[in-house]
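Sharing a structure below in structure tokens format, with a few things to ask.
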Amino acid sequence: MIELEHVSKAYARPSGETVHALTDVSLRIGRGEFVAIAGASGSGKSTLMHIFGLLDAPDNGRYRLDGQDASGLSVKQQARLRNRRIGFVFQQFHLLPRTSALENVELPLLYSDRSSIRGQGRKALEAVHLTDRIHHRPSELSGGQQQRVAIARALINEPDLLLADEPTGNLDRQSASEIMAIFQALNEAGRTIVVVTHDSELAAYCRRIARIEDGRIVSDEPVAQPKKALEAAK
């Protein structure tokens, strides 16, 4: 599903200094995999996720998403592909404070051209075991519940690829385990998931760990026995 070939990316700081975020990165992630991109702050892992999600483009090299060369797409085509094929989960929940869980989840449908959207919000909240909080606003939910709403929102258009950037960074360990249990269940159902994290304990829930240091992939190994996450209460 994801193919990077000799990808590099650099940024210029206000001081004029050039920061090489990625250097000659080649990586393949197959359909149905559950992969952690693990590395310290500043290692390049978030830049890698932005390229995966078509939020940024490499300076050099090639990125293919499910066989399609992303470099040949217009901005409009990239936006349409993101909406149809990719779901995002971030450390910050980015929920609208004055709207219900259901309304937050259904927000991406405003930009969708799907012919049938009836019941999709409830179905997505069902997948994260949150139908009993469907009309609650974010302030009435715990941090773990808010992240579950954010995951449901990412699932609303039934994407092939789910990208999560430090998805448990604002949560306690129990809530983090519940979130990873949801990811494990989604992966077992066939969803391709990539988690970006600095937390080695979080990475242990995944089936494969690619470690990045100073913008380079330094190791890429399967996890012999992924840690089993604690399921969220239904």
Does a salt bridge link Lys227 with Glu201, judged by any charged N lying under 4.0 Å from a carboxylate O?
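Yes.
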
Side-chain heavy atoms under 4.5 angstrom apart, residues restricted to Ile, Leu, Val, Met, Phe, Trp, Tyr: same cluster for Val89 and Leu55?
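In one cluster: no.
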
Whether Asn83 side chain and Ala79 backbone form a donor-acceptor pair below 3.5 Å
no

Just checking, any donor-acceptor pair under 3.5 angstrom between side chains of Asp56 and Tyr63?
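Per modelled atom types, Asp56 and Tyr63 side chains form no pair under 3.5 Å.
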
Using the rule that two of Ile, Leu, Val, Met, Phe, Trp, Tyr join whenever any of their side-chain heavy atoms come within less than 4.5 Å, decide whether Ile86 and Val194 are in one cluster.
yes

Out of curiosity, Asp160 CG to Leu65 CG, how far, rounded to the nearest 0.5 Å?
8.0 Å

Please find the pair of heavy atoms, one from Tyr205 and one from Pro226, that lie closest to each other, and give the distance.
O-CB, 3.7 Å

Treat each ILVMFWY residue as a node, draw an edge where side-chain heavy atoms are under 4.5 Å apart, and state whether Leu109 and Leu130 are in one component.
yes

Any chance you could measure Ile217, atom CD1, to Leu22, atom CG, to the nearest 0.5 Å?
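With rounding to 0.5 Å, CD1 (Ile217) is 8.0 Å from CG (Leu22).
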
Determine yes or no for a side-chain-to-main-chain donor-acceptor pair under 3.5 angstrom, with Arg148 supplying the side chain and Val128 the backbone.
yes

Gap separating the CZ atom of Arg82 from the CG atom of Leu161, nearest 0.5 angstrom:
12.5 Å

Any sub-3.5 Å donor-acceptor pair from Lys45's side-chain atoms to His198's backbone N or O?
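Flag not set: sc Lys45 to bb His198 has no pair under 3.5 Å.
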
Between Val105 and Arg122, is any pair of side-chain heavy atoms under 4.5 Å apart?
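Result no, sub-4.5 Å side-chain heavy-atom pair not found.
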
Find the distance between CD1 (Ile193) and CD1 (Ile29) and round it off to the nearest 0.5 Å.
11.5 Å

Working note: Ile179 + Leu171, criterion side chain to side chain contact (heavy atoms under 4.5 Å, CB included); need CA distance, chi angles, decisive distance, verdict.
CA-CA 9 Å; Ile179 293 302; Leu171 305 178; 3.7 Å; yes

Residue pair Ile2 / Phe52: nearest heavy atoms and the distance that separates them
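Closest approach of Ile2 to Phe52, heavy atoms only: CG2-CE2, 3.5 Å.
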
Within the supplied structure, the quantity of interest is the number of heavy atoms (other residues, nucleotides, ligands) at a distance under 6.0 Å from Arg216 CZ; does it exceed 12?
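Atom CZ in Arg216 is not packed in, count stays at 12 or less.
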
With side chain to side chain donor-acceptor pair (under 3.5 Å) as the criterion, how do Ser8 and Asp24 come out once you've worked through the C-alpha distance, each side chain's angles and the decisive distance to 0.1 Å?
CA-CA 5 Å; Ser8 295; Asp24 196 31; 5.5 Å; no

How about Val218 and Ile212: do any of their side-chain heavy atoms sit closer than 4.5 Å?
no

How close do Phe183 and Pro167 get, heavy atom to heavy atom, and via which atoms?
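Smallest heavy-atom distance, with atoms named: CE1-CG, 3.9 Å.
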
Would you name the heavy atoms of Ala57 and Lys9 that are closest together and state the gap between them?
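Reported closest heavy-atom pair: O-NZ, 2.9 Å.
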
If you take all heavy atoms of Ile209 and Ala38, which pair is closest and at what distance?
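Answer, listing the atom of Ile209 first, then Ala38: CG2-CB, 4.0 Å.
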
Find out whether Gln145 and Phe93 are in side-chain contact, i.e. whether some heavy atom of one side chain is under 4.5 Å from a heavy atom of the other.
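A side-chain contact under 4.5 Å is absent here.
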
Are Arg133 and Leu141 close enough that some pair of their side-chain heavy atoms sits under 4.5 Å apart?
yes

So if you build clusters from Ile, Leu, Val, Met, Phe, Trp, Tyr with side-chain heavy-atom gaps below 4.5 Å, do Leu81 and Leu163 land together?
yes

Distance in Å, Asp220 CG paired with Ser26 OG, rounded so as to fall on 0.5 Å steps:
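Going from CG on Asp220 over to OG on Ser26, the span is 11.5 Å.
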
Side-chain contact test, heavy atoms from C-beta onward, threshold under 4.5 Å: evaluate it for Leu73 versus Gln68 and give yes or no.
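Answer yes - side chains close enough.
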
Between Leu155 and Arg191, is a side chain to side chain contact (heavy atoms under 4.5 Å, CB included) present by the stated rule, with each step listed?
CA-CA 10 Å; Leu155 295 173; Arg191 194 89 56 184; 4.0 Å; yes

Using a strict 4.0 Å threshold on nitrogen-to-oxygen distance, state whether Arg208 and Glu33 make a salt bridge.
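Yes, charged N to carboxylate O under 4.0 Å.
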
Using side-chain heavy atoms (C-beta onward) and a distance below 4.5 Å, is Asn60 in contact with His6?
no

Spell out, as yes or no, whether a donor-acceptor pair under 3.5 Å connects the side chain of Glu103 to the backbone of Ser100.
yes

Looking at Thr99 and Pro138, what are the two nearest heavy atoms and their distance?
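Smallest heavy-atom distance, with atoms named: O-CD, 3.2 Å.
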
Taking NZ, NE, NH1 and NH2 as the nitrogens, is one of them in Asp199 or Arg173 under 4.0 Å from a carboxylate oxygen of the other?
yes

Determine whether Val223 and Arg207 satisfy the following criterion, side chain to side chain contact (heavy atoms under 4.5 Å, CB included), listing intermediate values before the conclusion.
CA-CA 5 Å; Val223 178; Arg207 295 185 176 184; 5.5 Å; no

Does any N or O in the side chain of Gln147 come within less than 3.5 Å of the main-chain N or O of Phe90, such that one atom is a donor and the other an acceptor?
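Judged by distance alone, yes, a pair lies under 3.5 Å.
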
In terms of heavy-atom contacts, does CG of Asp59 have more than 12 from other residues, nucleotides or ligands at under 6.0 Å?
yes

Less than 4.5 Å apart, side chain to side chain, heavy atoms only: is that true for Thr47 and Tyr11?
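Thr47 reaches Tyr11 side chain to side chain.
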
Taking atom types as modelled, is there a side-chain donor on Asp165 or Ser46 under 3.5 Å from an acceptor on the other?
yes

Dump the intermediate steps for side chain to side chain contact (heavy atoms under 4.5 Å, CB included) on Glu213 and Ser43, then the final yes or no.
CA-CA 5 Å; Glu213 294 179 7; Ser43 61; 5.6 Å; no

Residue from Lys123, Arg84, Arg85 passing salt bridge (Lys or Arg N to Asp or Glu O under 4.0 Å) with Glu158:
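Between Glu158 and the candidates, salt bridge (Lys or Arg N to Asp or Glu O under 4.0 Å) is satisfied uniquely by Lys123.
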
Counting only N and O atoms by type, is there a donor-acceptor contact under 3.5 Å from the side chain of Asn104 to the main-chain atoms of Leu96?
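Checking the backbone N and O of Leu96 against the side chain of Asn104, a donor-acceptor pair under 3.5 Å is found.
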
Any heavy-atom pair between the side chains of Pro108 and Ile156 that's under 4.5 Å?
yes

Distance from Lys228 atom NZ to Gln184 atom CD, nearest 0.5 Å?
5.5 Å

When hydrophobic residues are tied together by side-chain contacts of less than 4.5 Å, even through go-betweens, does Leu186 share a cluster with Val149?
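Yes, one cluster joins them.
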
Backbone of Asp172 reached by a side-chain donor or acceptor of Ser175 within 3.5 Å
no

For atom CD of Glu5, decide whether the heavy atoms of other residues, nucleotides or ligands shown that lie under 6.0 angstrom number more than 12.
yes

Donor-acceptor pair, distance only, cut-off 3.5 Å: does the side chain of Ser74 make one with the backbone of Gln77?
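Side chain of Ser74 to backbone of Gln77: a pair is present.
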
Test your reading of the model: is there a side-chain donor-acceptor pair from Asn187 to the backbone of Gly32, 3.5 Å cut-off?
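Yes; judged by distance alone, with no hydrogens or angles, the pair exists.
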
Whether the side chain of Asp69 engages the backbone of Ser71 through a donor-acceptor N/O pair (distance < 3.5 Å, no angle test) should be reported.
yes

